[in-house]
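This report refers to the structure that appears directly beneath it.
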Amino acid sequence: MKKLINFLKRKFIVSLKIINEEGIFVFFKKVFIKLFDKIINFINNQKYKDLLIKTLEIAKRKNKILIIISGVKFNSYSGNRNTNIAINFYKKGYFVLFVYFTWNNKEENEMGFINDEIYLLPLRIFMKNINEILESFYFISKKIIILEFPCKESLDIIPISKVYNFAVIYDIKDDWEEFYKTNEAKCYQKSIENFVCKNSDLIISVSRGLKNKFKDYKPFIVPNGFDPDLLNIKTFEIKNLKNVLKNYEICIGYFGNLTNSWFNWNLIIEIAERYPNWFFEIIGYGMPEGLKLPKNINYIGKVKREFLYYYVKKWDVAIIPFKKSILSENSDPLKVYEYLYMKKPVIVYGINHLKNYPYVFVANTIDEFIELIKFSKEINIDDNKLF
């Protein structure tokens, strides 16, 4: 009883201090936000508890489970390696638990089944119930956890996973240390990534650059790829687009992440200004705020993957214009495989190792990039050289 009284006293004193310093309105606003968060947490926890039984039934029936710890949500807008892995493991008979990172509780708006055998769960809720979840899969014979990024939660996930006989894989799909240097991946800590490497059963990387960087841990290279079924090609019409293209000599396109950490906006803007009769179509997310584009650069924003082909089929050339950096060189953009599947020649800047693919041409200067665009416009792609 005494502890309760002391607790209420402390809360009362804090409340009076907030009212005195910030006003009654701010006080009630903070109370409301805290109450709202508790309600959301309660709903999410109840939803998790209700669905856990069904999840266990499916997993036990399949006797194979994959848990992916992902830095992003399961989505249809980006060429996300984790989304592709989840779907392909599901096709191979695994039950997939897709655990995704969020910055705050308000982002935890997706939880439950995508279909009968892929289940989405926010990382916070997974961590809160990790022992209960992993223990419930104890008698399943094939159990894999794939860590997609070295989050601080890895310090708990890996040891607990080992207790319940999960095979732990660290999938190095990006150079997180270099992202951190560009002021992204702010949660990155090299010590945590070293811990993940030392304690994983298998390490894979998407590129030779990352393999060399982590050579002490002997990673295997597993490049990106794509599944034609995931593109689910559909066509539809957008009014006036064909008329717009009639005014231009060539149509050049890009889809994917537009982060300033690697996307070379200066390169594209300079070419667009030098060649006002060239039309650029940019699809994606992460474009810097306040960026001014010439009128012949059309920024579209996000497009679902099943609708991408409508845009791409009108392009003469596809591009990957990245900045020259260690971050870019160590990447393996999934989009290069999708461009080729859609039978488009690809011009690349900033990723030299992609020159080994058919119909992919790497430029080292802006003038080379321009000349390769002109050259590629006349190319007819031979399927026999692709597949």
Side-chain angles (χ1 to χ4, degrees), residues 37 40-41 43-45 47-48 51 55 65-87 89 96-114 118-134 144-161 166 168-197 199-200 203-206 210 224 256-259 261-262 284-286 302 327 331 334:
D37 283 344
I40 293 298
N41 289 341
I43 292 171
N44 280 343
N45 285 329
K47 188 176 179 182
Y48 154 74
L51 289 169
T55 300
I65 181 170
L66 169 69
I67 300 177
I68 296 180
I69 311 298
S70 173
V72 294
K73 291 182 180 180
F74 190 102
N75 68 79
S76 60
Y77 291 100
S78 64
N80 185 273
R81 180 174 172 97
N82 289 340
T83 298
N84 291 350
I85 288 173
I87 292 174
F89 267 83
V96 179
L97 182 60
F98 193 98
V99 179
Y100 65 91
F101 173 83
T102 59
W103 289 103
N104 54 62
N105 297 351
K106 294 177 183 178
E107 294 180 22
E108 297 176 355
N109 57 350
E110 293 180 44
M111 184 165 63
F113 288 93
I114 292 179
I118 299 179
Y119 185 85
L120 301 188
L121 190 66
L123 180 60
R124 182 187 62 83
I125 295 177
F126 175 75
M127 294 306 300
K128 185 176 179 180
N129 302 280
I130 185 170
N131 277 290
E132 179 186 7
I133 292 172
L134 297 187
I144 302 171
I145 284 187
I146 296 180
L147 292 162
E148 180 258 342
F149 70 116
C151 54
K152 68 181 188 328
E153 289 82 0
S154 305
L155 300 175
D156 293 319
I157 291 172
I158 293 178
I160 297 173
S161 299
F166 275 79
V168 178
I169 299 173
Y170 178 36
D171 181 15
I172 312 175
K173 73 182 190 71
D174 283 305
D175 194 326
W176 297 109
E177 185 177 15
E178 293 300 319
F179 261 126
Y180 177 76
K181 291 176 182 177
T182 65
N183 206 31
E184 295 195 35
K186 295 180 181 180
C187 295
Y188 173 82
Q189 294 182 45
K190 192 173 183 63
S191 59
I192 293 178
E193 186 163 40
N194 287 337
F195 173 86
V196 172
C197 289
N199 293 282
S200 294
I203 299 175
I204 58 178
S205 67
V206 297
L210 288 172
N224 273 317
N257 195 330
L258 299 167
T259 175
S261 295
W262 61 26
Y285 55 96
K302 291 181 178 180
L327 177 62
S331 68
L334 190 149

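Worth knowing before you read on, the calculation uses all heavy atoms, side chains too, and leaves out hydrogens, waters and symmetry mates. The structure displayed is predicted, hence computed values, not measured ones.
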- Query: Heavy-atom distance under 4.5 Å between the side chains of N199 and V168, does that happen here?
  - Reply: no
- Task: Look up atom CZ in F149 and atom CG in D174, then write down how far apart they are to the nearest 0.5 Å.
- Result: 12.0 Å
- Query: Going from OH on Y285 to NZ on K302, what distance comes out if it is rounded to the nearest 0.5 angstrom?
  - Reply: 8.0 Å
- Can you find a heavy atom in the side chain of I118 that is under 4.5 Å from one in the side chain of F113? no
- Could you walk me through whether L210 and K173 pass the side-chain contact (heavy atoms from CB on, under 4.5 Å) check? CA-CA 8 Å; L210 288 172; K173 73 182 190 71; over 6 Å; no
- State, yes or no, whether a side-chain contact exists between N257 and W262 at a heavy-atom distance under 4.5 Å. yes
- Between M127 and D156, is any pair of side-chain heavy atoms under 4.5 Å apart? yes
- Item | Point-to-point distance, once rounded to the nearest 0.5 Å, from NZ of K190 to CD of E177 | 4.0 Å
- Message: Can you confirm whether Y100 sits close enough to P122 that some side-chain heavy atom of one is under 4.5 Å from a side-chain heavy atom of the other?
- Response: yes
- Shortest non-hydrogen separation from I192 to P150 and the atoms involved: CG2-O, 3.4 Å
- For D171 against R81, the heavy-atom pair lying closest together: OD2-NE, 2.7 Å
- Donor-acceptor contact present, side-chain S154 to main-chain C151, <3.5 Å: yes
- Item | side-chain contact (heavy atoms from CB on, under 4.5 Å) assessment of I67 paired with L134 | CA-CA 10 Å; I67 300 177; L134 297 187; 3.6 Å; yes
- Closest non-hydrogen contact found for F98 with V72 is CE2-O, 3.5 Å
- Message: Taking the basic N atoms (NZ, or NE/NH1/NH2) and the acidic carboxylate oxygens, is any pair closer than 4.0 Å for E178 and K181?
- Response: yes
- Hey, could you give me the CH2/CD distance between W176 and Q189, rounded to the nearest 0.5 Å? 14.5 Å
- Can you name the closest pair of heavy atoms from F101 and L123 and give their distance? CD1-CD2, 4.0 Å
- Less than 4.5 Å apart, any side-chain heavy atom of I85 and any of E148? no
- With the side chain counted from C-beta on, respond yes when L121 and N129 share a heavy-atom pair under 4.5 Å apart, and no when they do not. no
- Message: Restricting to non-hydrogen atoms, name the atom on I160 and the atom on N131 that form the minimum distance, rounded to 0.1 Å.
- Response: CG2-OD1, 3.7 Å
- Straight-line distance of E193 CD to L147 CG, nearest 0.5 Å: 11.0 Å
- Message: On a heavy-atom basis, which atom in G284 and which in L258 lie closest, and how many Å separate them?
- Response: C-CD1, 3.8 Å
- Query: So does Y180 have more than 12 non-hydrogen atoms from other groups sitting under 6.0 Å from OH?
  - Reply: no
- Once you round to the nearest 0.5 Å, how far does OH of Y170 lie from CD1 of I158? 9.5 Å
- Check whether any side-chain heavy atom of F89 sits under 4.5 Å from a side-chain heavy atom of I68, and report yes or no. no
